[in-house]
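This one's a predicted model, so the numbers in the text were calculated from it and none came from an experiment.
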Amino acid sequence: MNQKERTYRATFILDNRGREESIDQIVDGVKQDIAAVKGAVTAVESLGKKDFVRVTDKKLTGAAYVQISFTGPSETPALLRERLRLNNSVYRMFVQSA
């Protein structure tokens, strides 16, 4: 079956509170998760730490933002969401077609 590759850009809000992992180590883990769901990372851009406009958790008022561009089949974003759903290091994730 021939699957058409698509290009995606995902924005991740990363939370490393209470962990010894640095943001770079968390990003490396996310890149491995993208590769595990048949995606290929093409670019990584760190957007730095930003404060949230709307705070839902008083203990977390801001976090590190990272944008990762990747290619993969059409089911890759759904598989990535499911894979990262229980990962506490990824606070939020937004995937869009690029």
Donor-acceptor pair, [X] side chain versus [Y] backbone, under 3.5 Å?
X	Y	answer
Gln25	Ser22	yes
Thr42	Ser69	yes
Glu45	Gln67	no

Tell me, do [X] and [Y] make a side-chain contact under 4.5 Å, heavy atoms counted?
X	Y	value
Glu21	Ser89	yes
Tyr8	Leu80	no
Met93	Val30	no

With side chain to side chain contact (heavy atoms under 4.5 Å, CB included) as the criterion, how do Val66 and Leu14 come out once you've worked through the C-alpha distance, each side chain's angles and the decisive distance to 0.1 Å? CA-CA 8 Å; Val66 175; Leu14 304 176; 3.7 Å; yes
Once you round to the nearest 0.5 Å, how far does [atom1] of [X] lie from [atom2] of [Y]?
X	Y	atom1	atom2	answer
Asp33	Leu79	CG	CG	11.5 Å
Ile34	Thr71	CD1	OG1	10.0 Å
Thr11	Leu47	OG1	CG	7.0 Å
Glu75	Glu82	CD	CD	14.0 Å

Could you state whether Val90 and Val41 fall into the same hydrophobic cluster, counting links through intermediate Ile, Leu, Val, Met, Phe, Trp or Tyr residues with side-chain heavy atoms under 4.5 angstrom apart?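 Both belong to a single hydrophobic cluster.
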Are Phe94 and Leu60 joined in one hydrophobic group, where the rule is that I, L, V, M, F, W and Y side chains link up if heavy atoms are under 4.5 Å apart?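 Hydrophobic grouping puts Phe94 with Leu60.
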Mind listing the closest non-hydrogen atom pair of [X] and [Y] along with its distance?
X	Y	result
Lys38	Thr76	O-OG1, 4.3 Å
Ala10	Phe70	CB-CE2, 3.8 Å
Ser74	Pro77	O-CD, 3.4 Å
Val95	Arg81	CB-NH2, 3.7 Å
Val55	Phe52	CG2-O, 4.1 Å

Could you please spell out the steps behind the side chain to side chain contact (heavy atoms under 4.5 Å, CB included) verdict for Lys31 and Val44? CA-CA 9 Å; Lys31 288 165 57 177; Val44 177; 4.0 Å; yes
Verify the neighbour count for atom CZ of Arg9: are there more than 12 heavy atoms of other residues, nucleotides or ligands below 6.0 Å? no
May I ask you to check whether Tyr91 and Thr56 show a side-chain donor-acceptor distance below 3.5 Å?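 Yes, Thr56 and Tyr91 have a side-chain donor paired with an acceptor closer than 3.5 Å.
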Taking it one step at a time, do Leu84 and Phe12 satisfy side chain to side chain contact (heavy atoms under 4.5 Å, CB included)? CA-CA 11 Å; Leu84 294 176; Phe12 297 92; 3.6 Å; yes
Salt bridge Arg17-Asp15, side-chain N to carboxylate O under 4.0 Å: yes
